[in-house]
There are 2 protein chains.
Amino acid sequence: MARSRNGRPVTLREVAEASGLSVSAVSMALQDHPRIGRESKERVRRVAAELGYVANSAGRALRARRADAVAVIVPNTSQHVFGHAYFMHVLTGVNDVVIEHDAQLVISTNPDESHGAAAYERVMRSGYVDGAIVTSASIDDPGITRLVASGLPVVLLGRFPHLPEAVSVGVDDRAAERLATEHLIREHGRTDLVHLSGPLDHQTAIDRRDGFLDAVEEAGVSGRVLEGDFSEESGHRLGRVLATTRFDGLVASNDEMAFGAMTELAAAGCRIPDDLVIVGFDDFGLSRVTNPSITTIHVPAESMARLAAEQLFDLVSGSGITGERHAVLPVELVPRGSCGCTARHP
Amino acid sequence: MARSRNGRPVTLREVAEASGLSVSAVSMALQDHPRIGRESKERVRRVAAELGYVANSAGRALRARRADAVAVIVPNTSQHVFGHAYFMHVLTGVNDVVIEHDAQLVISTNPDESHGAAAYERVMRSGYVDGAIVTSASIDDPGITRLVASGLPVVLLGRFPHLPEAVSVGVDDRAAERLATEHLIREHGRTDLVHLSGPLDHQTAIDRRDGFLDAVEEAGVSGRVLEGDFSEESGHRLGRVLATTRFDGLVASNDEMAFGAMTELAAAGCRIPDDLVIVGFDDFGLSRVTNPSITTIHVPAESMARLAAEQLFDLVSGSGITGERHAVLPVELVPRGSCGCTARHP
DNA sequence: ATGGTGTGCTGGAACGTTTGAGCAAATCCT
DNA sequence: AGGATTTGCTCAAACGTTCCAGCACACCAT
């Protein structure tokens with residue numbers, strides 16, 4: 001029994017009439033307000049269930065000035081940059097927390113950024129959501145800067161050094177890429193390294209490159225940097241370029257690029273991991289299933305997203321952030337076949 | 001300038017005061033109503049932009065009885081069944097259409113189904129969304145049945161023969177799996193086949209199994225069925241079982257299972273595609289990157305999702321469905337390395 | 001008897017928007 | 001000139017909810 005006689009959803013007023021109480025009393029009863037009697041509460045709950053009453057979210061949101069919903073915002077600039085898998089992990093993590101808070105999850109992407117105010121700004125301001133989690137945008141995305149400046153509750157996923165006032169959750173990409181590079185140098189004795197970087201207008205790409213440079217500098221080994229765009233295709237392209245040169249270790253700034261380059265280099269006759277060792281970054285799925293599997297840095301995207309969502313709910317509720325304003329989660333190196341730490345599949 | 005002096009977002013009333021018109025006139029001006037003068041419209045638009053006015057969605061939804069939002073519902077039963085990649089394709093497709101309609105996209109999963117009314121039913125009834133796209137649920141999910149019965153606008157993704165009155169978009173799994181099986185029989189001369197099925201309380205798994213059986217029966221070759229659950233792990237498990245038996249062709253009902261089984265069988269010394277040919281199903285990403293890559297059936301998940309979203313908006317707007325009530329999209333066989341159609345990576 | 005406190009409820013305003021009814025002035029038709 | 005139509009706007013109600021102020025009554029202490 002979902003809709004009343006007039007064909008519209010059941011309202012509080014109908015529940016009130018059916019239970020012989022006022023609308024206010026019913027509202028309070030359903031909220032378990034202490035000033036409503038035991039019996040009345042029970043009767044209201046029974047009647048509401050019978051009629052299939054569900055509170056209208058617009059009415060509630062209008063009055064209570066809360067939507068009980070948060071958005072995950074994906075600036076389209078990064079939609080191509082970050083592959084599918086990252087986003088899925090983020091969604092999974094955020095969703096868990098959203099469910100715990102009995103809220104709704106809205107996905108908002110930006111159809112075209114040139115077109116005046118970003119679409120996600122409208123979502124935020126319209127009150128359709130109470131706050132947003134923003135997945136890594138390019139370093140100078142004006143929309144993000146404005147969103148943060150507007151004072152609406154926002155938690156950034158990634159490192160945003162130019163927005164120090166914003167709450168963020170990220171990993172130490174620089175230290176991680178340094179770790180990965182040192183693995184190739186120390187454990188596998190490599191001395192002639194190449195780094196495939198992401199697009200250098202992305203903080204993530206910058207940090208990972210810097211970590212690579214830290215490691216080669218300290219170890220005093222050779223280290224070149226080639227800029228890609230985080231796509232498998234750019235890995236292919238750079239792989240073809242590299243096939244004609246000499247080097248013994250490849251540090252790719254994500255797994256897609258590592259895979260693209262690995263495919264090309266293997267096709268060119270390069271034996272992996274004997275002639276060449278490779279390390280990727282992210283561990284969102286791809287690196288585990290290739291052959292050889294790709295040694296990589298595991299980024300705990302789901303945990304990051306969970307934490308970000310928790311911070312966001314803290315922010316929305318007005319209580320302060322419980323954790324740090326700029327949380328940095330630990331990463332770890334996952335040794336696999338592409339550096340020779342585990343055997344190649346048969 | 002996003003919020004007015006009182007610290008709250010700018011409302012229609014403030015725009016009205018600032019432009020010397022009534023609230024109604026401003027509302028109408030912003031909707032480009034013919035009965036509002038040219039000059040007034042321009043002035044209102046200028047003032048609204050200056051003040052950073054964005055319509056409150058709760059107010060609008062309450063009055064207009066429309067949320068301008070749709071949900072994508074993922075029953076948690078299928079969250080494990082369908083891997084990450086499928087969902088991403090669905091999201092991408094739906095999102096495109098949602099943006100075209102200037103609407104919002106809500107993701108709704110079901111925290112725990114035993115717990116009375118499904119969570120997604122609440123989302124629908126609360127008016128937070130105008131309709132929903134439901135991704136394939138198990139065959140007897142009571143929540144879906146109730147949702148469809150409630151008369152709320154819903155489009156199902158997948159085949160739901162027991163819900164003939166519901167609008168749906170799917171592929172012909174049976175014909176597709178038959179095609180895949182015939183490929184192994186005709187092109188590769190195989191005569192002793194095994195099918196790894198999905199969980200047989202899912203329509204998709206049933207249809208694919210039936211397609212396999214159609215093909216082996218017609219060709220008069222041997223065909224066994226082993227039931228898995230669409231997970232890579234179940235592929236591993238069944239792969240280990242199969243490693244001790246004789247057969248020359250494997251028809252897996254998705255790519256994850258194909259990959260799991262392939263890994264085990266290769267580890268057991270089986271040469272693919274020489275000793276054994278394998279075909280998967282889905283082509284959501286995995287099958288392209290393994291080595292050997294997996295021959296598979298390409299499921300156009302993104303197109304399906306686009307179409308489903310378009311149907312849903314038709315349904316919501318009250319105009320009839322433009323396409324068929326039960327759309328079936330074509331699939332195609334993608335020959336790769338696991339059946340010997342393309343070379344193994346070097 | 002009087003004031004004080006607690007309990008259980010009702011009335012009504014408010015949230016921001018849309019929209020039908022209505023109205024004054026301008027314009028048109030004959 | 002007189003009526004009909006058009007133009008450009010205003011008024012007020014309505015959407016469904018929450019919650020503050022208030023009221024009636026019962027109970028207690030003085």
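Quick note on labels: first sequence line is chain A, next is B, and so on, each numbered from 1.
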- [ ] Figure out the CZ/P separation between Arg35(B) and dT6(D), and round it to whole Å.
- [x] 9 Å

- [ ] Calculate the interatomic distance between His33(B) atom NE2 and dT7(D) atom P; express it in whole Å.
- [x] 12 Å

- [ ] Rounded off to whole Å, could you give me the NZ-to-C1' distance for the Lys41(B) and dG8(D) pair?
- [x] 11 Å

- [ ] May I ask you to verify if any side-chain N or O of Ser40(A) is less than 4.0 angstrom from the OP1 or OP2 atom of dG8(C)?
- [x] no

Task: Whether Asp314(A) side chain and Thr322(A) backbone form a donor-acceptor pair below 3.5 Å - done: yes

Task: Base versus backbone protein contacts along nucleotides 10-17 of chain C [heavy-atom cut-off under 4.0 Å; B, S, -] - done: BBBBBBBB

Open item on the list: Donor-acceptor check, side chain of Arg45(A) to backbone of Leu30(A), threshold 3.5 angstrom: yes or no?
Closed with: no

Open item on the list: Any side-chain to backbone donor/acceptor pair from His326(B) onto Pro164(B)? Under 3.5 Å, distance only.
Closed with: yes

Task: Under 3.5 Å donor-acceptor, Glu14(A) side chain and Thr11(A) backbone - done: yes

Task: Terminal axes of the helix from dA1(C)-dT30(D) to dT30(C)-dA1(D) (five pairs each): angle between them, nearest 10 degrees - done: 50°

Open item on the list: Quick one: does any side-chain atom of His33(B) pair with a main-chain N or O of Arg35(B) as donor and acceptor, under 3.5 Å?
Closed with: yes

TODO: Using a strict 4.0 Å threshold on nitrogen-to-oxygen distance, state whether Arg122(B) and Asp102(A) make a salt bridge.
DONE: yes

Task: Phe87(A) ring center near Phe87(B) ring center (under 6.0 Å) - done: no

- [ ] For the pair Arg43(A) and Glu39(A), find out whether any cationic side-chain nitrogen is under 4.0 Å from an anionic carboxylate oxygen.
- [x] no

Task: Value in whole Å for how far the C1' atom of dG8(D) lies from CD of Glu39(B) - done: 12 Å

Open item on the list: Taking only side-chain N and O atoms of Gln31(A), does any of them lie within less than 4.0 angstrom of OP1 or OP2 on dC19(D)?
Closed with: yes

Task: Whole-Å gap separating C1' (dC9(C)) and CG (Asp32(A)) - done: 16 Å

